[in-house]
Amino acid sequence: MTGSLVAEQVFRSALVIEGAESLAAIEAEVRSVAAPLGYDRFVLFSASTTQDAVVERIYWVEGDWFGDGESVDAETYVRHCPVTRHILESREPFFWTKSTGKDGELYKIVRLPRGQGIHGLQIPMFGPLGLEGAMSMGGKQIDASCQARLALRLIATTAFFSAQRLLEAAVEAVGPLSDREREVLSWTAAGRRQVEIAATLGLSERTVENHLRRIRKRLGVATTAQAIRVAIRNGDIAG
């Protein structure tokens with residue numbers, strides 16, 4: 001770990017992020033800690049274990065992740081970065097590496113990144129609902145020391161929950177959910193996947209997804225995890 005980055009600096013940055021009043025301020029502080037460690041690509045996203053896509057919404061993405069200048073949204077990120085699904089199997093931050101050979105791009109989960117290619121650290125976030133999101137950082141020459149990993153875990157975790165707080169600050173419920181909407185959301189909060197909910201309620205998977213989409217719109221939120229929190233707070237479903 002670089003000598004210029006000390007625990008006091010990291011802690012100070014975490015405090016700045018926690019008190020940030022805009023996503024831009026969070027991003028700037030994350031860069032200030034991560035850039036000296038060789039990280040120049042960032043993606044911060046909400047996640048769900050109840051859908052196959054895993055990534056629900058990208059809060060922030062920066063850098064040329066795939067070397068082609070293509071804009072990145074939730075669909076393209078998951079399609080290009082298969083290691084993302086590893087957050088479903090790990091409760092701890094993990095390193096990954098991407099190399100390019102005659103057979104194309106090869107992603108691996110590694111103990112320590114070495115050699116040529118793009119390397120990175122992915123940090124899952126957990127809350128009362130289980131997996132709630134993750135942050136991935138990457139670069140060509142990254143500091144993968146234990147000190148750097150611990151520092152970035154603190155910074156990423158603080159950034160995620162601060163961004164989540166900002167996004168939920170303006171949320172106001174516009175009315176009670178219907179009985180069916182409460183039923184679908186309750187099963188989702190219990191960790192059931194959409195295919196399981198559909199089978200339990202005798203609905204199609206598309207109908208379940210449509211219910212969740214209407215719930216998010218009705219509650220004025222961007223993600224299902226946010227909808228669950230708002231519904232619990234409003235008394236629409238049990239906590």
Side-chain angles (χ1 to χ4, degrees), residues 1-2 4-7 9-14 16-18 20 23-47 54-74 76-78 80-99 105 107-126 131-164:
M1 189 172 186
T2 59
S4 61
L5 187 61
V6 296
Q9 290 176 305
V10 174
F11 185 68
R12 184 164 58 245
S13 289
V16 171
I17 292 170
E18 190 168 86
L23 188 57
I26 293 173
E27 294 168 2
E29 202 62 35
V30 171
R31 286 190 210 100
S32 73
V33 175
L37 300 173
Y39 295 85
D40 60 4
R41 296 148 221 236
F42 309 94
V43 60
L44 181 67
F45 59 88
S46 63
V54 182
V55 177
E56 279 198 325
R57 180 189 181 192
I58 291 183
Y59 295 160
W60 169 37
V61 61
E62 180 173 304
D64 190 5
W65 274 96
F66 307 121
D68 55 9
E70 181 181 1
S71 61
V72 179
D73 58 17
T76 59
Y77 180 73
V78 172
H80 282 287
C81 189
V83 299
T84 298
R85 294 193 65 82
H86 191 66
I87 60 175
L88 299 176
E89 304 170 15
S90 176
R91 295 189 61 87
E92 298 293 328
F94 57 88
F95 287 107
W96 53 267
T97 187
K98 179 182 76 170
S99 58
E105 295 180 341
Y107 284 85
K108 290 182 179 179
I109 307 299
V110 296
R111 187 172 181 276
L112 285 175
R114 295 187 178 89
Q116 298 296 316
I118 303 298
H119 309 293
L121 176 67
Q122 188 149 167
I123 303 159
M125 316 294 174
F126 296 90
L131 178 69
E132 296 195 15
M135 184 168 195
S136 194
M137 307 180 187
K140 290 185 176 179
Q141 293 184 341
I142 64 171
D143 186 334
S145 66
C146 179
Q147 295 95 322
R149 175 174 52 79
L150 290 173
L152 293 174
R153 181 178 191 173
L154 172 62
I155 292 299
T157 301
T158 308
F160 174 78
F161 287 108
S162 294
Q164 190 180 70

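Below, all heavy atoms of this structure are taken into account, side chains as well, without hydrogens, waters or symmetry copies.
We find the CD1-NZ distance between Ile118 and Lys140 to be 5.5 Å, quoted to the nearest 0.5 Å. With rounding to the nearest 0.5 Å, the separation of CD1 in Ile26 from OG in Ser13 is 12.5 Å. Note: Arg41 CZ to Ser136 OG = 11.0 Å, rounded to the nearest 0.5 Å. Note that CG of Leu112 and OG of Ser145 are 9.5 Å apart. Values are rounded to the nearest 0.5 Å. For the atom pair CG (Leu23) and CH2 (Trp60), the distance works out to 8.0 Å, reported to the nearest 0.5 Å. The distance from atom OG1 of Thr97 to atom CD of Gln116, rounded to the nearest 0.5 Å, is 10.0 Å.
Nearest approach of Phe126 to Ser90, heavy atoms of both residues: CZ-O, 3.6 Å. Listed here is the closest heavy atom pair of Leu44 and Ala159: CD2-O, 4.1 Å. Of all heavy-atom pairs between Ile58 and Val61, the closest is CG2-CB, 3.9 Å. Of all non-hydrogen atoms in Ala14 and Ile155, the two that sit nearest each other are N-CD1, 3.8 Å. Taking each heavy atom of Ala20 and Ala25 in turn, the nearest pair found is CB-CB, 4.0 Å.
Side-chain atoms of Lys108 and Lys98, non-hydrogen and from C-beta on, never get closer than 4.5 Å to each other. Counting heavy atoms from C-beta on, the side chains of Leu121 and Tyr39 come closer than 4.5 Å. Residues Ser99 and Tyr107 form no side-chain contact, since every pair of their non-hydrogen atoms from C-beta on lies 4.5 Å or further apart. Between Ile142 and Pro113, the closest side-chain pair of non-hydrogen atoms falls below 4.5 Å. At a threshold of 4.5 Å between non-hydrogen side-chain atoms, the residues Met135 and Phe42 count as touching. Contact annotation: the side chain of Phe160 never approaches that of Phe45 to less than 4.5 Å [non-hydrogen atoms, C-beta and beyond]. Two residues are said to be in side-chain contact when any heavy atoms from C-beta on lie closer than 4.5 Å; Ile87 and Met125 fail this criterion.
Applying the side-chain hydrogen bond (donor to acceptor under 3.5 Å, both in side chains) criterion to Glu89, with sequence neighbours excluded, gives no partner residue. Arg31 meets the salt bridge (Lys or Arg N to Asp or Glu O under 4.0 Å) test with Glu27, Glu62; sequence neighbours excluded.
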**Request:** Dump the intermediate steps for side chain to side chain contact (heavy atoms under 4.5 Å, CB included) on Glu132 and Phe161, then the final yes or no.
**Result:** CA-CA 9 Å; Glu132 296 195 15; Phe161 287 108; 4.0 Å; yes
**Request:** Please test His119 against Gln141 for side chain to side chain contact (heavy atoms under 4.5 Å, CB included), starting from the C-alpha separation and ending with a verdict.
**Result:** CA-CA 7 Å; His119 309 293; Gln141 293 184 341; over 6 Å; no
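Taking the centre of each ring, Phe94 and His86 come in below the 6.0 Å mark.
The neighbour count for Phe11 CZ, taken as heavy atoms of other residues, nucleotides or ligands under 6.0 Å away, does not exceed 12.
A donor and an acceptor atom, one from each side chain of Glu18 and Ser162, are nowhere located under 3.5 Å apart.
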